[in-house]
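To keep things clear, I will list the structure first and then write my remarks on it.
In this text the structure is predicted, and so the values were computed from the model without any measurement.
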Amino acid sequence: MRLATWNVNSVNARLPRLLDWLESVRPDVVCLQETKTADFPVAEVDKLGYETAAHGLNRWNGVALLSRVGLADVSPGFPGEPGFPDPEARALGATCGGVRVWSVYVPNGRTPDDPHYAYKLTWLAALRTALGDELGGHAELAVCGDFNVAPTDADVWDPAQFVGATHVTPPEREALRHLLDLGLHDIVPKPMKGPNPFTYWDYRAGMFHQDKGMRIDLVYATKPLADRVTGAYIDREARKGKGPSDHAPIVVDLG
DNA sequence: ATGCCTTATTTCATAAGA
């Protein structure tokens, strides 16, 4: 089974590229983030053989799951998920091919003194609780998506540039460790080129071609699922060319 | 070469991204 996750930065703006990518990479299950629509293009991905579960409320956020190995027990959001203060479309769970899969788009946080930062930490803590409640019933579980946290200093292109910034603060990294404490494993993908497993590069100032990026998109898997991993890579080809997302997909192969 | 912001909307400006 091939599992992928991709922050597409608008599924409608990215639709031609998404469809081409699905046809060439042929993942079985795809977690999408920042779909940015309440009207997901279900018919277009259906033509490629994918069932869709989409959770989108407005122009902001939005997550989806595509599967051609079944899509059952769909959960838009999770129990206890906080809003700001209204609910936001940031999490979507489903069972696909026997694996419990969550597509998540963690709040950005903006700056450490912004109310969105406290919201981010509260949201991550609530996610931990909800995942903890699911683990008893799902030996094989993966939570995939844009976590908006770089786990270590090696996951940003220059730690000195991030002093005082969100995405690298100790409380955010501690929130990730609390997720791993549940028994989840960080499936670190191969970058294909260069030493850095980055998944995001800002659109501005030629950041991508200088490889000034961050690893903020993550795949966390339970041990039984992590033991099935035969390979994982970052599809940086999808970040090239005209009209890319600012994130690259992660592709994980399971035996 | 991978090439120097992009998205949807309350659209010719703004909020948000990270």
Considering only heavy atoms, which members of residues 11-22 of chain A lie under 4.0 Å from some atom of DNA chain B?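 Output list: A:Ala13, A:Arg14.
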Whole-Å distance between [N] [atom2] and [X] [atom1]?
| X | N | atom1 | atom2 | value |
| --- | --- | --- | --- | --- |
| A:Phe40 | B:dA8 | CZ | C1' | 17 Å |
| A:Tyr200 | B:dC5 | OH | P | 12 Å |
| A:Asp217 | B:dA18 | CG | P | 9 Å |

Using 30° and 60° as the class boundaries, would you call the ring planes of A:Phe162 and A:Trp157 parallel, tilted or perpendicular?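 Correct class here is perpendicular.
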Indicate the ring-plane relationship of A:Trp123 and A:Phe78, choosing parallel, tilted or perpendicular according to the 30° and 60° boundaries.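 Perpendicular: the ring planes of A:Trp123 and A:Phe78 meet at over 60°.
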What's [X] touching, base or sugar-phosphate or nothing? Going by heavy atoms closer than 4.0 Å.
| X | answer |
| --- | --- |
| A:Tyr117 | nothing |
| A:Glu34 | sugar-phosphate |
| A:Met207 | nothing |
| A:Gly241 | sugar-phosphate |
| A:Thr166 | nothing |
| A:Asp146 | sugar-phosphate |

Just compare B:dC4, B:dC5, B:dA18 and give me whichever is closest to any side-chain atom of A:His247.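 Ranking B:dC4, B:dC5, B:dA18 by closest atom to the A:His247 side chain puts B:dA18 first.
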Sequence neighbours left out, what passes side chain to side chain donor-acceptor pair (under 3.5 Å) with A:Arg236? Give chain and number order.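 A:Arg236: no side chain to side chain donor-acceptor pair (under 3.5 Å) contacts found.
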Would you mind listing every salt bridge (Lys or Arg N to Asp or Glu O under 4.0 Å) that reaches into residues 95-104 of chain A, with sequence neighbours excluded?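 Non-adjacent pairs meeting salt bridge (Lys or Arg N to Asp or Glu O under 4.0 Å): A:Arg100-A:Glu134.
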Got a list of protein N/O to nucleotides 9-16 of chain B N/O distances below 3.5 Å?
{"unit_1": "B:dA16", "atom_1": "O5'", "unit_2": "A:Arg110", "atom_2": "NH2", "d": "3.2"}

I need the full list of ring-ring contact (aromatic ring centres under 6.0 Å, His included) pairs touching residues 214-248 of chain A, with sequence neighbours left out, sorted by first then second residue.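 Only A:Phe147-A:Tyr220, A:Tyr200-A:His247 qualify under ring-ring contact (aromatic ring centres under 6.0 Å, His included).
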Treat each ILVMFWY residue as a node, draw an edge where side-chain heavy atoms are under 4.5 Å apart, and state whether A:Leu182 and A:Val219 are in one component.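 In one cluster with A:Leu182: A:Val219, no.
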State whether the number of non-hydrogen atoms from other residues, nucleotides or ligands found under 6.0 Å of A:Asp39 atom CG is greater than 12.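 Open: at most 12 neighbouring heavy atoms sit under 6.0 Å from CG of A:Asp39.
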Take A:Asn61 and A:Arg236, find for each the nucleotide of DNA chain B with the closest heavy atom, and name the residue whose nucleotide sits nearer the 5' end.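 Per heavy-atom nearest nucleotide, the more 5' residue is A:Arg236.
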Between A:Asn148 and A:Arg204, which is nearer to the 5' end of DNA chain B once each is assigned its nearest nucleotide?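 It is A:Arg204 whose nearest nucleotide is closer to the 5' end.
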Identify, with sequence neighbours excluded, every residue that meets salt bridge (Lys or Arg N to Asp or Glu O under 4.0 Å) alongside A:Asp20.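 Testing A:Asp20 for salt bridge (Lys or Arg N to Asp or Glu O under 4.0 Å), a comparison that skips the adjacent residues, returns none.
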With A:Tyr117 as reference, evaluate A:Thr169, A:Thr111, A:Thr122 under the side chain to side chain donor-acceptor pair (under 3.5 Å) test and give the passing residue.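 Result: among A:Thr169, A:Thr111, A:Thr122, A:Thr169 is the only option passing the side chain to side chain donor-acceptor pair (under 3.5 Å) with A:Tyr117.
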